[in-house]
Amino acid sequence: MGRERRIGDWLIDRLKLAPVIDLASHKRVPVHRYSVFYYLGGMTLFFFIVQVVTGIMLMLYYRPSADQAFESVEFIMTTVPFGWLVRSLHSWSANLMIFFAVLHMGSVFFLKAYRKPRELISVTGALALFLIMGFGFSGYLLPWNQLAFFATKVGTDIAGVVPVIGEWTLRFLRGGDRVTGGTLSRFYGWHVAILPAIATGLIGLHLLLVQVHGMSVPPSAEEEASQKRPMKFFPQFALRDLFGWTLALGVLATLAALFPWELGEKADLFASAPANIRPEWYFMFLFQTLKLVPGGEVAGLEYEAIPIMLSGVAALFLLLVPFIDAGKLTRGRWLGVLGVIGVLYAVGMTAWGYHSLVPIYVVLATLLLLLILGWVTRREGGQP
Ligand code: HEM
């Protein structure tokens, strides 16, 4: 027996890994025309790992105080070897992670992968998505530049409009009445400690449940899947995942190197708000909706509070879809129709917010790419 084999056996024995290996060796991935969607969760996981690694590297130099944050990021970008690249990778990967998490969620909903017994996989996934948006929101302020400072001011102002809990939420987020250095250290705490701890637990549970329940087959592909031999997860599917991750790393590195993330100007708390003030792209649909709402109030409720509360209802709806769809009365096509309307609304508002057709082109290009990859992956698998 080779030395590597002996070390392997020793580790398997001492760590009691036999059941894990058994689970991995028996796991199968169904093959059908929607198989490509099984890669989206793994892709999201890849970007999460990149975030953890690059985030820890940035932490070594970053200083979370109003008089040092901007300068420390400037130092990372100009003096630390490859610091500019690590920061750029972290920023690009954050956006790609949210993009893939949204795609993954969309596929789960449209293919009804959340149905019994996968309700909790869906709930933990939706919570993880809200958390990573929280990562985006808290991380945006950390470089302490002009745009981030005013966007955070506007973002937290929005939370303050909500009746009853608004005032408290605003003070809780800012750590006071105004956005100050105190807000910065608070956001830093959320960004590097609280959110990562919760996200790691949630994503861990999400992945564990996926392993336990295995992959679902969409109702419309059941016949096709029954006619094809499922693929072994290990090593066939895992190697394909790894191939996708390698491609993703290439795309990420290219974006980070060719379009380094900008730093802008240091925040000036007394300056007037810049004209191009805007949130991250995944909050743009809400930002644009709020821009269209006129001032005024009805029955003590500001008009602005209505779309904000509606987004809260939409978030709750996403969490509860597995249970809503399980009800006899509501089962049917209307959930899908509602989903399509929601996507069209979000994409349309985002395009309007940027005064650009790019968001629509991105959606169309993504659909085309998924269609091509879907065609390639459905040809795999032989007779059962
Ligand atoms: C935010 C980070 C997330 C990560 C890292 C993640 C990761 C994964 C991975 C690796 C898988 C197995 C491969 C696959 O089916 O794609 C998976 C499956 C799944 N995920 Fe996620 N996910 C995330 C978010 C979400 C969200 C937002 C939802 C929906 C609300 C969700 C619902 C599901 C469901 C239902 C499955 C099982 C799919 C099936 O059986 O066909 N996940 N996830």
Side-chain angles (χ1 to χ4, degrees), residues 23-24 27-53 93-136 195-196 198-222 224-225 230-234 236-242 244-245 248 282 314-326 335 339 342-343 346 370 373-374 377:
L23 189 72
K27 189 174 170 188
R28 297 286 185 275
V29 180
V31 177
H32 49 77
R33 61 182 172 283
Y34 303 121
S35 290
V36 65
F37 293 113
Y38 295 134
Y39 294 94
L40 296 179
M43 207 47 110
T44 315
L45 182 63
F46 168 73
F47 289 113
F48 181 71
I49 297 169
V50 173
Q51 285 311 94
V52 175
V53 175
S93 169
N95 286 283
L96 288 169
M97 177 180 180
I98 296 188
F99 182 73
F100 274 96
V102 171
L103 270 189
H104 173 49
M105 183 180 72
S107 73
V108 162
F109 285 140
F110 287 112
L111 299 177
K112 297 185 176 290
Y114 51 74
R115 286 169 311 152
K116 187 182 169 189
R118 295 180 178 75
E119 298 94 329
L120 286 181
I121 306 186
S122 179
V123 171
T124 48
L127 287 174
L129 177 67
F130 301 151
L131 275 184
I132 59 175
M133 288 180 149
F135 270 109
L195 291 177
I198 309 175
T200 308
L202 262 180
I203 295 176
L205 182 60
H206 187 73
L207 298 181
L208 181 75
L209 290 172
V210 171
Q211 300 315 311
V212 171
H213 290 296
M215 303 301 207
S216 70
V217 177
S220 51
E222 269 166 10
E224 185 187 351
M231 186 186 292
K232 279 183 163 185
F233 176 78
F234 200 81
Q236 276 88 340
F237 187 80
L239 281 176
R240 283 167 174 76
D241 248 347
L242 211 61
W245 289 20
Y282 38 90
L316 194 67
F317 181 78
L318 287 180
L319 266 181
L320 298 181
V321 160
F323 310 102
I324 298 172
D325 194 16
L335 262 177
V343 171
L370 283 173
L373 291 173
T377 44

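For the numbers below, each heavy atom of this structure counts, side chains included, while hydrogens, waters and symmetry mates do not. As the structure lists them, so they are numbered: ligands from 1, and atoms in each ligand from 1.
Contacts of Gln236 classified as side-chain contact (heavy atoms from CB on, under 4.5 Å), with partners at least two apart in sequence or in another chain: Met231, Lys232, Arg240.
Applying the 6.0 Å contact sphere to CZ of Phe130 captures more than 12 heavy atoms from other residues, nucleotides or ligands.
The backbone N or O of Pro30 sits less than 3.5 Å from a side-chain atom of Ser35, completing a donor-acceptor pair. Side chain of Glu224 to backbone of Arg33: a donor-acceptor contact under 3.5 angstrom is found. Within the 3.5 Å criterion, the main-chain N or O of Gly214 finds a donor-acceptor partner in the side chain of Arg118. A donor-acceptor contact shorter than 3.5 Å links the side chain of Tyr38 to the backbone of Ser216.
Ser122 O, 3.3 Å is the protein heavy atom nearest to atom 30 (C) of ligand 1. Here the protein heavy atom with the shortest distance to atom 34 (C) of ligand 1 is Ile121 CG2, 3.3 Å. For atom 41 (O) of ligand 1, the closest non-hydrogen atom on the protein side is Ser216 OG, 2.8 Å.
A heavy-atom separation below 4.0 Å is found between Tyr38 and ligand 1. Not close to ligand 1: Ala199, with no non-hydrogen atom less than 4.0 angstrom away.
Of all the heavy atoms of Phe48, none lies under 4.0 Å from any atom of ligand 1, so neither backbone nor side chain is involved.
Of the polar atoms of Met105, none of the N or O atoms is found under 3.5 Å from an N or O of ligand 1, judged by distance alone. Residue His104 has at least one N or O atom closer than 3.5 Å to an N or O atom of ligand 1.
Residue contact check: Thr44 has heavy atoms under 4.0 Å from atoms 2 (C), 3 (C) of ligand 1.
Screening Phe47, Phe100, Phe48, Phe46 for a ring-ring contact (aromatic ring centres under 6.0 Å, His included) with Trp245, the sole residue that qualifies is Phe46.
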